[in-house]
Number of protein chains: 2
Amino acid sequence: MVDRVVPDVIVSRLPVYLRALQFMQMQAVTTTSSQDLGSKVNISAAQIRKDLSQFGEFGKQGTGYNVEALIAHLEKILQVEKVWDVAVIGMGDMGHALTRYGGFLNRGFRITDCFDNDPAKIGSQAGQYIIKDVADIGKGDCLRGKMVMLCVPAAAAQKIANKLVECGVKAILNYAPVHLSVPADVRVQYIDPVIGLQRMAYYLHEKNE
Amino acid sequence: MVDRVVPDVIVSRLPVYLRALQFMQMQAVTTTSSQDLGSKVNISAAQIRKDLSQFGEFGKQGTGYNVEALIAHLEKILQVEKVWDVAVIGMGDMGHALTRYGGFLNRGFRITDCFDNDPAKIGSQAGQYIIKDVADIGKGDCLRGKMVMLCVPAAAAQKIANKLVECGVKAILNYAPVHLSVPADVRVQYIDPVIGLQRMAYYLHEKNE
DNA sequence: ATAATATTGTGGAAATAATCACAAACTCGC
DNA sequence: GCGAGTTTGTGATTATTTCCACAATATTAT
Ligand SMILES: NC(=O)c1ccc[n+]([C@@H]2O[C@H](COP(=O)([O-])OP(=O)(O)OC[C@H]3O[C@@H](n4cnc5c(N)ncnc54)[C@H](O)[C@@H]3O)[C@@H](O)[C@H]2O)c1
Ligand SMILES: NC(=O)c1ccc[n+]([C@@H]2O[C@H](COP(=O)([O-])OP(=O)(O)OC[C@H]3O[C@@H](n4cnc5c(N)ncnc54)[C@H](O)[C@@H]3O)[C@@H](O)[C@H]2O)c1
């Protein structure tokens, strides 16, 4: 295995494999194959084998893959065997839903800090968190970690993103429905349900109801 | 323009273009170019022109594109010049956040029905909606439309998806962190923040905090 | 009018990604 | 221990996607 750079498209599939494997593990499945895993994520078996071969040889001929071992490998590759600190910015409906969500910890993340700019919210309790002032980001060790989930209105998102970049944030999960301009060393992933709906609407036939 | 099938990868970019164009429109920008739009969505100008050329000729040499006209074309292509009825299933934190979200209507969608299986929630009011019993899906005209946002726990998602398919649903926006198996004529889009975070974690260097 | 500048739409080249197909290696039943 | 059946990892092939480059056309300046 040379130290060649792994294509983005492959990296982006790994979390999908990992999620499916963890689902199998929950059901006490101990072994799988590229065929089996592929059928569960709608990806060809050859594709899965090629993808995994970028990182090593994790399977055994005739048998397939040990679920637990492959999970461990993928977690290592994705760097989610540790737990990353993530901040939530914008404690409206979405921010609150995220802080109440229990699905982060066993997949490599935990929310450590929450921010807002609404004086009525700053200082108040949200579950186990005390909402901090977004203006304090950058002051002291207010913002732990390098990852942020951004849940502010679209109009405020770019401005805050700029500030986050200044403060060393390297990964932004952006819920605001706008594109963010950031330096090349900062990653952004977008979550916009409307984009998802529109991608599907293209394929709908006939009338609405 | 022959009636060739448009690659999925192109369709999936159109909503991103549309979102950026609508953002420009909000700022009273009347004209743009492939260059300009490209810089705003981080996609090459050539790519944008090639994508659009699949559907017609919307630009003018020397000038570029009229924002309003291009929006109208994209809305037509994506079939979001009309408004689609969408149901929400699972009225927990996420379901509630979605019903309270104001960003659907002007992008082609509206929530018409909400469902849950919790007796304590069925019949109760959630904003302007009365939560219906998920068991009633399929009975009468309880479920309008062909699109659903699925916000139930992972363990329940596939079962409900099966039922939705039976009832003629053709598009599922799935918030549950599991892959759904559906017939080829049914579309699924996935929203899982952890997948987004994991895709970014791969590229992070150094330690957590 | 003319030159300088801007921008589109597209054919073709280049780059990237997906698929095929098979030797090698393992399992299992008898 | 042998044959039948599985499944991996990968080189080669095919398919898809992206990028380049430029003629054609429009705008703007002078
Ligand atoms: N709620 C949903 O289901 C949903 C769906 C799709 C997209 N979104 C997007 O997610 C984002 C958040 O949505 P929401 O429904 O939670 O909105 P919301 O209005 O309920 O909450 C926004 C929060 O951000 C805070 N805020 C505003 N400006 C800020 C600033 N400059 N700095 C820090 N905090 C600031 C507000 O005080 C508020 O608490 C929005 O961009 C929205 O478009 C939400
Ligand atoms: N809240 C978040 O921020 C978040 C983040 C990521 C993913 N998700 C996922 O989104 C989904 C919903 O999350 P949530 O936080 O709203 O969960 P939640 O537990 O708050 O709500 C789930 C709702 O679904 C209902 N439900 C359960 N089984 C049902 C069934 N068979 N039929 C109909 N309704 C049923 C429950 O009564 C409840 O109202 C989950 O799959 C969760 O993993 C949520």
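Letters go in sequence order (proteins before strands), and every chain restarts at 1. Atoms considered below: every heavy atom in the structure, side chains included; atoms not considered: hydrogens, waters and symmetry mates.
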Trainee: OP1 or OP2 of dT17(D) less than 4.0 angstrom from a side-chain nitrogen or oxygen of R13(B), does that happen here?
Mentor: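 No, no such contact exists.
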
Trainee: Using whole Å, what does the distance between atom C1' of nucleotide dG9(C) and atom CD1 of I10(B) come to?
Mentor: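 Interatomic distance, CD1 of I10(B) to C1' of dG9(C): 14 Å.
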
Trainee: Assuming nearest nucleotide by heavy-atom distance, tell me which of K50(A) and G64(A) is located more 5' along DNA chain D.
Mentor: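 With K50(A) and G64(A) compared, the 5'-side residue is G64(A).
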
Trainee: Send over the distance from R49(B) CZ to dG12(C) C1', rounded to a whole Å.
Mentor: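 In whole Å, dG12(C) C1' lies 15 Å from R49(B) CZ.
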
Trainee: If you check every side-chain atom of T63(A), which of dT8(C), dT10(D), dT27(C) has the closest atom?
Mentor: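 Closest of the options to the side chain of T63(A): dT27(C).
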
Trainee: Just compare dC19(D), dT8(C), dT8(D) and give me whichever is closest to any side-chain atom of S34(A).
Mentor: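 Out of dC19(D), dT8(C), dT8(D), the nucleotide with an atom closest to S34(A)'s side chain is dT8(D).
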
Trainee: Report the distance from atom CD of Q35(A) to atom P of dC26(C), rounded to the nearest whole Å.
Mentor: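 Between P of dC26(C) and CD of Q35(A): 20 Å.
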
Trainee: For D8(A) and Y203(B), what are the C-alpha separation, side-chain angles and deciding distance, and is it a side-chain hydrogen bond (donor to acceptor under 3.5 Å, both in side chains)?
Mentor: CA-CA 10 Å; D8(A) 220 77; Y203(B) 297 98; 2.6 Å; yes

Trainee: To the nearest angstrom, how far is Y17(A) atom OH from dT8(D) atom C1'?
Mentor: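 Those two atoms, OH and C1', are 15 Å apart.
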
Trainee: Provide, to the nearest angstrom, the distance between the NE2 atom belonging to H73(B) and the P atom belonging to dT8(C).
Mentor: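 Distance check: H73(B) NE2 to dT8(C) P gives 14 Å.
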
Trainee: Is it true that a side-chain atom of N117(B) and a backbone atom of V134(B) form a donor plus acceptor pair closer than 3.5 Å?
Mentor: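 Not at all, since once roles are kept as given, no pair shorter than 3.5 Å links the two residues.
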
Trainee: Expressed as a whole number of angstroms, how long is the span from L52(B):CG to dT8(C):P?
Mentor: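 Rounding to the nearest Å, CG of L52(B) and P of dT8(C) are 9 Å apart.
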
Trainee: Does OP1 or OP2 of dC19(D) have a side-chain N or O of S44(B) closer than 4.0 Å?
Mentor: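 Result: yes.
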
Trainee: To check you understand the geometry: which heavy-atom pair defines the closest contact between L98(A) and C151(A), and what is its length?
Mentor: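 Nearest pair, atom of L98(A) first, then C151(A): CD1-SG, 3.6 Å.
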
Trainee: Which comes earlier along DNA chain C counting from the 5' end, the contact point of D51(A) or that of A46(B), where each point is its nearest nucleotide?
Mentor: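 In this pair, the answer is A46(B).
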
Trainee: Which of the following nucleotides, dT19(C), dG9(C), dT8(D), is nearest to the side chain of S53(B)?
Mentor: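 Given the options dT19(C), dG9(C), dT8(D), the side chain of S53(B) is closest to dG9(C).
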
Trainee: Nearest whole Å is fine: how far is dT18(D) P from Q54(B) CD?
Mentor: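 Answer to the nearest Å: 11 Å.
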
Trainee: Provide, to the nearest angstrom, the distance between the CD1 atom belonging to I43(A) and the P atom belonging to dA18(C).
Mentor: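 That distance rounds to 9 Å.
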
Trainee: State yes or no: are the ring centers of F23(A) and H179(B) separated by less than 6.0 Å?
Mentor: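 Between F23(A) and H179(B), the centre distance exceeds or equals 6.0 Å.
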
Trainee: F55(A) vs Y202(B) aromatic rings, parallel, tilted or perpendicular, using cut-offs 30° and 60°?
Mentor: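 Ring orientation of F55(A) relative to Y202(B): perpendicular.
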
Trainee: With a 3.5 Å cut-off and just heavy-atom distances, do the side chain of K60(A) and the base of dG9(D) make a donor-acceptor pair?
Mentor: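 When only heavy-atom distances are counted, K60(A) does not reach the base of dG9(D) through any donor-acceptor pair under 3.5 Å.
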
Trainee: Should the side chain of Q61(B) and the base of dA24(D) be counted as holding a donor-acceptor pair, with the cut-off at 3.5 Å?
Mentor: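 Result: at least one qualifying N/O pair found.
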
Trainee: For S33(B) and for Q47(A), find the nucleotide of DNA chain C with the closest heavy atom, then tell me which residue's nucleotide is more 5'.
Mentor: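 Of the two residues, S33(B) wins.
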
Trainee: Are OP1 or OP2 of dG9(D) and a side-chain N or O of Y65(A) less than 4.0 angstrom apart?
Mentor: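 Affirmative; the distance criterion is met.
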
